[in-house]
Enquirer: 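First the structure, which I've put down as structure tokens, then a few questions once you've had a look.
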Amino acid sequence: MITVKVLTSSDLPLLLNPADDVFDNPVDEKLAREFLEDPRHHIVVALSDGVVIGFASAVHYIHPDKPTELWINEVGVADAHQGKGVGKAILNEMLRLGKQLGCVNAWVLTEPDNARALGLYRKVGGQSGTDAVMFSFELTGD
């Protein structure tokens with residue numbers, strides 16, 4: 001049985017028990033604790049027998065001239081659980097949370113060749129607009 005849950009600061013042990021292929025890197029306990037203790041950071045997980053098999057992370061943010069929005073940073077599901085509705089359940093729960101937080105919209109970025117992500121976001125009702133260009137800036141080093 002799979003359970004979908006919004007994690008709180010008391011759920012650190014759950015976050016420290018992911019399936020091998022859910023996150024890009026090993027979960028760092030210090031960073032996980034900091035994430036869970038930050039009231040603007042959110043993570044929804046899917047659990048199977050106490051193991052995190054999928055997640056969506058997000059930040060709700062405010063701006064001086066715009067209403068509150070939910071930026072969905074990442075969605076990940078263990079390979080063995082993909083195509084079974086896990087990502088859809090996680091994302092729907094994250095969108096419900098965003099609505100509870102007073103967010104007027106939510107958004108997520110993905111690559112144009114990421115067919116699984118594109119399919120998931122469309123299934124949940126997401127609409128893609130014009131092509132976007134993302135720039136990233138390295139903030140380490142000289």
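Bear in mind the structure is a predicted one, so any value in this text is a computation, not a measurement.
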Enquirer: Looking only at non-hydrogen atoms, find the nearest pair between Leu118 and Pro112 and report the distance.
Expert: CD1-O, 3.3 Å
Enquirer: From Gln82 CD over to Leu120 CG, what is the distance, rounded to the nearest 0.5 angstrom?
Expert: 10.0 Å
Enquirer: Starting at CZ of Phe23, measure out to CD of Glu74 and round the result to the nearest 0.5 Å.
Expert: 8.0 Å
Enquirer: Any side-chain heavy atom of Asn92 sitting closer than 4.5 Å to one from Met94?
Expert: no
Enquirer: Is a donor on one side and an acceptor on the other found under 3.5 Å between the side chain of Lys84 and the backbone of Ala80?
Expert: yes
Enquirer: Find out if a path of hydrophobic residues (ILVMFWY) with successive side-chain heavy-atom gaps under 4.5 Å connects Leu36 to Leu70.
Expert: no
Enquirer: Check whether any side-chain heavy atom of Val6 lies under 4.5 Å from a side-chain heavy atom of His42, and answer yes or no.
Expert: no
Enquirer: Which pair of non-hydrogen atoms, one from Lys88 and one from Lys123, has the smallest distance, and what is that distance?
Expert: CE-O, 4.2 Å
Enquirer: Kindly say whether Leu31 contributes a backbone atom to a donor-acceptor pair with the side chain of Asp28 at under 3.5 angstrom?
Expert: yes
Enquirer: What closest approach, in Å, do Ala19 and Val51 show between heavy atoms, and which atom pair accounts for it?
Expert: N-CG1, 3.5 Å
Enquirer: When rounded to the nearest 0.5 angstrom, what distance separates NE2 in His41 from NE2 in His60?
Expert: 10.5 Å
Enquirer: Contact between Leu14 and Leu7 at the side-chain level, heavy atoms closer than 4.5 Å - yes or no?
Expert: yes
Enquirer: Answer with yes or no whether the hydrophobic clustering places Val86 together with Leu91; edges join I, L, V, M, F, W, Y residues whose side-chain heavy atoms lie under 4.5 Å apart.
Expert: yes
Enquirer: A side-chain contact here means heavy atoms from C-beta on lying under 4.5 Å apart; do Cys103 and Glu69 qualify?
Expert: no
Enquirer: Is the shortest heavy-atom distance from the side chain of Asp65 to the side chain of His63 under 4.5 Å?
Expert: yes
Enquirer: Decide yes or no for Val52 and Leu47: does some side-chain heavy atom of the first lie under 4.5 Å from some side-chain heavy atom of the second?
Expert: yes
Enquirer: Mind checking the CH2-CH2 spacing from Trp71 to Trp107? Nearest 0.5 Å is all I need.
Expert: 6.5 Å
Enquirer: Tell me which one of Asp79, Ile2, Val45, Asp21 satisfies side-chain contact (heavy atoms from CB on, under 4.5 Å) with Ile53.
Expert: Ile2
Enquirer: Say whether Val108 and Phe55 are linked into one hydrophobic cluster, either directly or through other cluster members, by side-chain heavy-atom distances under 4.5 angstrom.
Expert: no
Enquirer: Please find the pair of heavy atoms, one from Gly54 and one from Ile90, that lie closest to each other, and give the distance.
Expert: C-CD1, 3.4 Å
Enquirer: Are Ile43 and Leu15 packed together at the side-chain level, in the sense that at least one heavy-atom pair is separated by less than 4.5 angstrom?
Expert: yes
Enquirer: Has the side chain of Glu93 got a donor or acceptor atom that lies under 3.5 Å from a matching backbone atom of Val4?
Expert: no
Enquirer: Could you tell me whether the side chain of Ile72 reaches within less than 4.5 Å of the side chain of Leu95, counting heavy atoms only?
Expert: yes
Enquirer: Taking all atoms of both residues into account, what is the closest heavy-atom pair of Ser57 and Phe35, and its distance?
Expert: CB-CZ, 4.1 Å
Enquirer: Output yes when a side-chain donor or acceptor of Asn114 lies under 3.5 Å from a complementary backbone atom of Thr110, and no otherwise.
Expert: no
Enquirer: Quick check: closest heavy atoms across Thr68 and Gly102, and the distance to 0.1 Å?
Expert: CB-O, 4.0 Å
Enquirer: Hey, could you give me the CD/OG distance between Glu37 and Ser10, rounded to the nearest 0.5 Å?
Expert: 11.0 Å
